[in-house]
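Counting starts at 1 for both ligands and their atoms, following the listed order. Please read these numbers as outputs of a predicted model, since none were measured by experiment.
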Amino acid sequence: MKKDFLSIIDIDEFELESIVADAMRLKRLKSAGAAHEFLGGKSLGMIFEKASTRTRVSFEVGMTDLGGHALFLNPQDMQLGRGEEVRDTARVLARYVDAVMIRAYSHATIEEFARYSTVPVINGLSDRLHPCQVLADIMTLSERFGDLHDLKLAWVGDGNNVCNSWILSSALTGMEIVVASPDGYQPKVEVIDLARARGARVSVVTDPAEAARDADVLYTDIWVSMGDEQERAERLRALKNYTIDSRLLAQASDDALVMHCLPAHRGEEITDEVMEGPQSVVWDQAENRLHAQKALLVRLIAGGMPATD
Ligand code: CP
Ligand code: NVA
């Protein structure tokens, strides 16, 4: 296992399988009320340049469940906000905490942080990637489908950070990813090339119905990601035909699941009816952030879980 988790392809398919298995075990332990304090006395620093509900709460509760402690660090309240360099902050924090989770505007900030940190660094979302989300989503699909190899996931909408992590994940799961996005909002060629070089099955189309046809999973995300607020009007115009609604869902396979990383803007990328409908698994995805990240933390900080409960 690499020191850091900056991208879903920082782990290989065997590590992914084992983290998902650990996450399922941690979920069972928690629901049974059984202690699982595998990170007693350990600390996680959490730096958030951007807003968060799920990532912040799931990492903090996760560390508490594991017998450790998490610190919420707002760059504006740190010397980082007054110009202290990322590389200096990284080296200092590594003297206090056992791992750092960082959500940053620029992926380069997280890479620099990881380069200088002697403790594991976890990407809690950047402009380029959101690997923790996709880790939890893979757990969610594994719970529902078991084997993922033959599944087809249709990404509908903005080819953003979450979409990029899905594209890369195909190299690990073998899932087919078909992205439907309008010109100008398609995922970057470098990401697709990197994923394909690792064996991913990925294609990009402009027609949502083509992507959705016989898909096992329909996935979407907000049209205006954090950092893109200035482009709101043009994004809403460009993406207006990329809503997951019941008509699009009817194109997918009968037992298809609908996923969204949240937060959602009902009436834009997804209708209220679909989000609240029986095929939606959005709340399971949100819950599984907790279990999947706990498994990841135990792996990165303690080298893995003890063999038996
Ligand atoms: N999905 C997700 O990362 O949510 P938050 O922005 O609330 O952390
Ligand atoms: N693409 C979204 C994901 C939020 C969890 C964003 O970056 O804002």
task: Go through the steps to decide whether His130 and Arg103 satisfy the test side-chain contact (heavy atoms from CB on, under 4.5 Å), and finish with yes or no.
output: CA-CA 9 Å; His130 196 2; Arg103 168 169 288 195; 3.8 Å; yes
- prompt: Against heavy atoms of Asn160, which atoms of ligand 2 measure under 4.0 Å?
  reply: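 By the 4.0 Å cutoff, the relevant atoms are 1 (N).
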Leu262 neighbourhood, listing ligand 2 atoms whose heavy-atom distance to it stays under 4.0 Å: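 With Leu262 as reference, the close atoms of ligand 2 come out as 5 (C).
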query: For the side chain of Ser280 and the backbone of Met275, is there at least one donor-acceptor N/O pair under 3.5 Å apart?
result: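 Yes, because the side chain of Ser280 sits within donor-acceptor range (under 3.5 Å) of the backbone of Met275.
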query: Quick one: does Ser165's side chain have a donor or acceptor within less than 3.5 Å of a partner on Leu129's backbone?
result: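 No; zero donor-acceptor contacts below 3.5 Å.
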- request: Indicate if Leu300 and Ile8 have the same hydrophobic cluster label, given that clusters are the connected sets of ILVMFWY residues with side-chain heavy-atom separations under 4.5 angstrom.
  value: yes
- prompt: Strictly under 4.0 Å, does any heavy atom of Lys50 approach an atom of ligand 1?
  reply: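 The answer is no, since Lys50 has no heavy atom less than 4.0 Å from ligand 1.
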Non-neighbouring partners of Glu84 that pass side-chain contact (heavy atoms from CB on, under 4.5 Å), sequence neighbours left out: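 Here the qualifying residues are Gln79, Asp88, Thr89.
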field: All side-chain contact (heavy atoms from CB on, under 4.5 Å) counterparts of Glu268, not counting sequence neighbours
entry: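 Only Trp223, Arg232, Leu236, His265 meet the side-chain contact (heavy atoms from CB on, under 4.5 Å) criterion with Glu268.
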Return the closest protein heavy atom for [atom] as residue, atom name and distance.
atom	value
atom 4 (C) of ligand 2	Leu125 CD1, 3.9 Å
atom 2 (C) of ligand 1	Arg289 NH1, 3.3 Å
atom 3 (C) of ligand 2	Asp221 OD2, 3.5 Å
atom 7 (O) of ligand 2	Asn161 ND2, 2.8 Å
atom 3 (O) of ligand 1	His130 NE2, 2.8 Å
atom 6 (O) of ligand 1	Arg103 NH1, 2.8 Å
atom 4 (O) of ligand 1	Arg54 NE, 2.8 Å

Stacked cation flag Arg235 on Tyr185, 6.0 angstrom / 45 deg: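 Arg235 over Tyr185 ring: no.
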field: From the candidates His260, Met226, Lys50, the one that places a heavy atom nearest atom 8 (O) of ligand 2
entry: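 Closest candidate by heavy-atom distance is Met226.
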Proximity winner for atom 5 (P) of ligand 1, if only heavy atoms of Asn161, Leu125, Thr53 are counted: Thr53
Check: Met226 N/O within less than 3.5 Å of ligand 1 N/O: no
message: Is there a polar contact between ligand 1 and Arg56, counting only N or O atoms under 3.5 Å apart?
response: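 Such a contact does not occur with ligand 1.
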message: Could you tell me, atom by atom, which parts of ligand 1 come under 4.0 Å of a heavy atom of Cys261?
response: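 Near Cys261, the atoms of ligand 1 are 1 (N).
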- prompt: Will you find, in the side chains of Ser58 and Gln293, an N or O donor that is under 3.5 Å from an N or O acceptor?
  reply: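 Yes, a side-chain donor-acceptor pair sits under 3.5 Å.
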field: Straight-line distance of Ser126 OG to Lys50 NZ, nearest 0.5 Å
entry: 7.0 Å
message: Quick check for you: to the nearest 0.5 Å, what is the distance between Ile102 atom CD1 and His107 atom NE2?
response: 11.0 Å
